[in-house]
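Worksheet for the structure shown next.
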Amino acid sequence: MTRTFTTTPIARPAWRLLATAGAAAALTACGSAGSHGYNFEDASKELAQQQVAASQIGLPTNGATVTSVETPTAASGAQPPASVRANISIRPVDPAAPAIKMGLLLPKEWNGKVVMLGGGGYNGVLPSLYTYPAAPASQGAYPLLSQGYAVFASDSGHQAGAAGSRDGSFGTNDEAVTNFSGAALKKVSDVADVLVSRFYGEKPGKRYFLGGSTGGREALAVAQKWPADWDGVLAWYPAWNAASLDLQFGRISRAFAQPGAYPSLGQRKLLRQAALAQCDGLDGLQDGVVSNVAACNAQFDPAIARFNGQPLRCASGGNEGDQCLSDAMISALKTYSTAIQFSAPLGSGETQYPGFNVWGTELGEQSSSPLQPTVNLLAMNTTAPASPAPLTAPYWAVFWDQWVRYFVTRDANYNSLALDPQNPGPWTDRINTLARLQDINSTDLSAFQKRGGKLLMAHGSADALVSTRATAQYWQRLEQTMGATAVRGFARYYEVPGYGHAASTAFNANWDGLKALDQWVGSGTAPTAQVVTDTAGVPGRTRPLCEYPSWPRYAGAGDVDKAESFSCVTQ
């Protein structure tokens, strides 16, 4: 049952004093953390009265308040370890801007470390504080709390409506856009640091950031912008060049909005089956997963491919139903699989965004898998792109529509499909401004490296929402900027064949990335022989987690469901 303690409003001069006095009192009364003398019950009661002064936050705010404190309730039928959760509001500078809402989860048995979790999409909702991207299912419902991590996250500075992570309506407020683009990360981190230190009586010994998609962009952002704050970062499928990706979303949306271009669930399943028939065995084993993705991209062409002896292309070129693809569909799919080239460099310097690994990827279909609705939602959903885009349209089409109407034109009635992402005309300057904010594309991580920071990146090669090729480009630039030897001293990048965006019915990846990161930071033991586990396609099967640019090839003998039967190769 949830217990809530409501704070009494305090005048600003008083709460500034309380922030200072409270910190001193906590340090005096609680002693050091864990088994060193602090009292969990007393600290939990004092937490409900905490304020954080604006002067304790590294970017401009009007301070923060703990608005309520609660005892976490059971999730998935399992009772969480003893802990307390604080709900916190960080007040904006602009009175018209939304507050930043954040949650802070404090375990009774603290390991001395904290984890900040990134968000997803346009954020606007607080992520679960219990888990993280691709967390091992074997660790149960509370992989972070059960290990003693204090955990925090935020909505990045706005509260989403019914559209959830696809709600971009906050884009009409400058401070909200700045917070979403990265400023909230520093504000939330600083507030958490103050409150954690007061609660346990000592500062965190290690600080980690874990995130996927927008959260992966946020993970790379903190390593670039605030390297002194972080010991380790884990970035899954990072949307690091967010504005460039939005423009690619626009190009793809316009392609599938053409008459007859949007394929049905059945046609998308047919496409995947045809690609698997041609590409699945390129890694030495037919297992429902394309591992040699580069070879598949080079060889597969839906215009001439055949499946079960029949051409994939409809004979008439028109839409003849689920047994084939029309010329309009094939054209749009080829747009999806190729790069957008900008007519001039963006304000961030980006000149393109790559295409997606479409062939063999789950674009949305029908199946009995409990993950199928999530896979469909994060891919092409069930209706064609439109403006305004319904929530049944592809995730990327809704994202583009919201970005154009609220971030770019700030006109809710603007037809997003009328804006040409390669030649935006009068909107060029605004898009360049957004690109400077949202493309987190500096690959000089030398400050993070010098302070001992470690970076792990991972991406499923069947991601339909953030291109795996974009993450590979980031990695290549990182090596070009810093040198491959220096990069290998603090970073790793892995690609996971068959894994989509956060979920997959073909190969749903689980990997204890936090353990690998913590060991590298704590003991200097770099990750070796990492293994990823499938929980959906063939539950329990394992594959080696191969460092880019290698991929897992079957050795020709041995258990096809065991990682040791595969080797990481580049050709």
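Keep in mind that the numbers below use all heavy atoms, side chains included, and drop hydrogens, waters and symmetry copies. Remember, predicted model here, so these are calculated numbers, not experimental data. Note that the numbering runs from 1 along the sequence shown for the chain.
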About how many Å separate [atom2] of [Y] and [atom1] of [X], when rounded to the nearest 0.5 Å?
{"X": "Asn87", "Y": "Leu105", "atom1": "CG", "atom2": "CG", "answer": "10.5 Å"}
{"X": "Leu144", "Y": "Tyr149", "atom1": "CG", "atom2": "OH", "answer": "8.0 Å"}
{"X": "Tyr200", "Y": "Leu195", "atom1": "OH", "atom2": "CG", "answer": "11.5 Å"}
{"X": "Ser189", "Y": "Ile57", "atom1": "OG", "atom2": "CD1", "answer": "11.0 Å"}

Where do Arg488 and Glu547 land on the salt bridge (Lys or Arg N to Asp or Glu O under 4.0 Å) test, with the steps shown first? CA-CA 11 Å; Arg488 182 151 184 83; Glu547 295 181 33; 2.6 Å; yes

Before you tell me yes or no, could you show the steps for Leu455 and Leu445 under side-chain contact (heavy atoms from CB on, under 4.5 Å), namely the whole-Å CA-CA distance, both residues' side-chain angles and the distance that decides it to 0.1 Å? CA-CA 10 Å; Leu455 166 65; Leu445 300 185; 3.9 Å; yes

Test Asn179 against every option in Lys187, Lys186, His158 by the side-chain hydrogen bond (donor to acceptor under 3.5 Å, both in side chains) rule and name the one that passes.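 Per the side-chain hydrogen bond (donor to acceptor under 3.5 Å, both in side chains) rule, the option paired with Asn179 is Lys187, out of Lys187, Lys186, His158.
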
Donor-acceptor pair, [X] side chain versus [Y] backbone, under 3.5 Å?
{"X": "Asp463", "Y": "Ser467", "answer": "no"}
{"X": "Gln56", "Y": "Ala53", "answer": "yes"}
{"X": "Arg85", "Y": "Glu70", "answer": "no"}
{"X": "Glu218", "Y": "Gly211", "answer": "no"}
{"X": "Ser565", "Y": "Ala563", "answer": "no"}
{"X": "Thr61", "Y": "Pro92", "answer": "no"}
{"X": "Asn508", "Y": "Ala536", "answer": "no"}
{"X": "His501", "Y": "Ser213", "answer": "no"}
{"X": "Asn297", "Y": "Ala294", "answer": "no"}

Give the ring-plane orientation class for Phe407 versus Phe170, where under 30° counts as parallel, over 60° as perpendicular and anything between as tilted.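 Because their plane-to-plane angle is over 60°, the rings of Phe407 and Phe170 count as perpendicular.
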
Can you label the angle between the Tyr493 ring and the Trp475 ring as parallel, tilted or perpendicular, going by 30° and 60°?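 The rings of Tyr493 and Trp475 sit tilted, inter-plane angle from 30° to 60°.
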
For the residue pair [X] and [Y], what are the closest heavy atoms and their distance?
{"X": "Ser337", "Y": "Arg469", "value": "O-NH1, 3.1 Å"}
{"X": "Val52", "Y": "Val191", "value": "CG2-CG1, 4.1 Å"}
{"X": "Thr374", "Y": "Ala503", "value": "CG2-CB, 4.0 Å"}
{"X": "Tyr142", "Y": "Thr73", "value": "OH-O, 4.0 Å"}
{"X": "Tyr395", "Y": "Ser165", "value": "OH-OG, 2.8 Å"}
{"X": "Gly148", "Y": "Pro107", "value": "O-CG, 3.5 Å"}

Are [X] and [Y] side-chain neighbours, meaning at least one heavy-atom pair lies under 4.5 Å?
{"X": "Phe399", "Y": "Tyr122", "answer": "yes"}
{"X": "Phe507", "Y": "Val496", "answer": "yes"}
{"X": "Asp287", "Y": "Asp280", "answer": "yes"}
{"X": "Leu104", "Y": "Ile88", "answer": "yes"}
{"X": "Cys296", "Y": "Trp359", "answer": "yes"}
{"X": "Thr533", "Y": "Trp511", "answer": "no"}
{"X": "Trp520", "Y": "Arg492", "answer": "yes"}
{"X": "Leu363", "Y": "Val358", "answer": "yes"}

Verdict with reasoning, Ser461 to Asn357, per side-chain hydrogen bond (donor to acceptor under 3.5 Å, both in side chains): CA-CA 7 Å; Ser461 60; Asn357 299 326; 5.4 Å; no

[X]-[Y] side chain donor-acceptor pair, cut-off 3.5 Å:
{"X": "Ser523", "Y": "Thr525", "value": "yes"}
{"X": "Gln224", "Y": "Asp444", "value": "no"}
{"X": "Gln147", "Y": "Asn111", "value": "no"}

Exactly one of Tyr353, Trp240, Tyr548 should register a ring-ring contact (aromatic ring centres under 6.0 Å, His included) with Tyr474. Which one does?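 That would be Trp240.
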
Between [X] and [Y] (salt bridge meaning N to carboxylate O under 4.0 Å), is one present in this structure?
{"X": "Asp231", "Y": "Lys113", "answer": "no"}
{"X": "Glu41", "Y": "Lys108", "answer": "yes"}
{"X": "Glu495", "Y": "Arg543", "answer": "no"}
{"X": "Arg207", "Y": "Asp229", "answer": "no"}

Counting only heavy atoms not in Lys515, do more than 12 fall under 6.0 Å of its NZ?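 Result for NZ/Lys515: open.
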
Is the distance between the ring centroids of Tyr494 and Tyr499 under 6.0 Å?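 Between Tyr499 and Tyr494, which both carry aromatic rings, the centre distance is not below 6.0 Å.
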
Ser244 and Asp439: CA distance, side-chain angles, deciding distance, side-chain hydrogen bond (donor to acceptor under 3.5 Å, both in side chains) verdict: CA-CA 7 Å; Ser244 300; Asp439 282 346; 2.9 Å; yes

Determine, stepwise, if the pair Thr505 / Ser369 fulfils side-chain hydrogen bond (donor to acceptor under 3.5 Å, both in side chains). CA-CA 7 Å; Thr505 70; Ser369 171; 5.2 Å; no

Stepwise side-chain hydrogen bond (donor to acceptor under 3.5 Å, both in side chains) check, Trp110 with Glu202: CA-CA 11 Å; Trp110 185 43; Glu202 64 181 52; over 6 Å; no

In sequence, state the C-alpha distance, the side-chain angles, and the governing distance for Thr468 and Val293, and then conclude on side-chain contact (heavy atoms from CB on, under 4.5 Å). CA-CA 11 Å; Thr468 315; Val293 177; over 6 Å; no

Evaluate the side-chain contact (heavy atoms from CB on, under 4.5 Å) criterion for residues Ser291 and Trp551: first the C-alpha distance (whole Å), next the side-chain angles of each, then the deciding distance (0.1 Å), finally the verdict. CA-CA 6 Å; Ser291 293; Trp551 46 271; 4.2 Å; yes

Working note: Val233 + Leu210, criterion side-chain contact (heavy atoms from CB on, under 4.5 Å); need CA distance, chi angles, decisive distance, verdict. CA-CA 6 Å; Val233 163; Leu210 316 178; over 6 Å; no

Using salt bridge (Lys or Arg N to Asp or Glu O under 4.0 Å), reason through Lys101 and Asp155 one step at a time and then give a plain yes or no. CA-CA 6 Å; Lys101 304 292 187 181; Asp155 61 12; over 6 Å; no

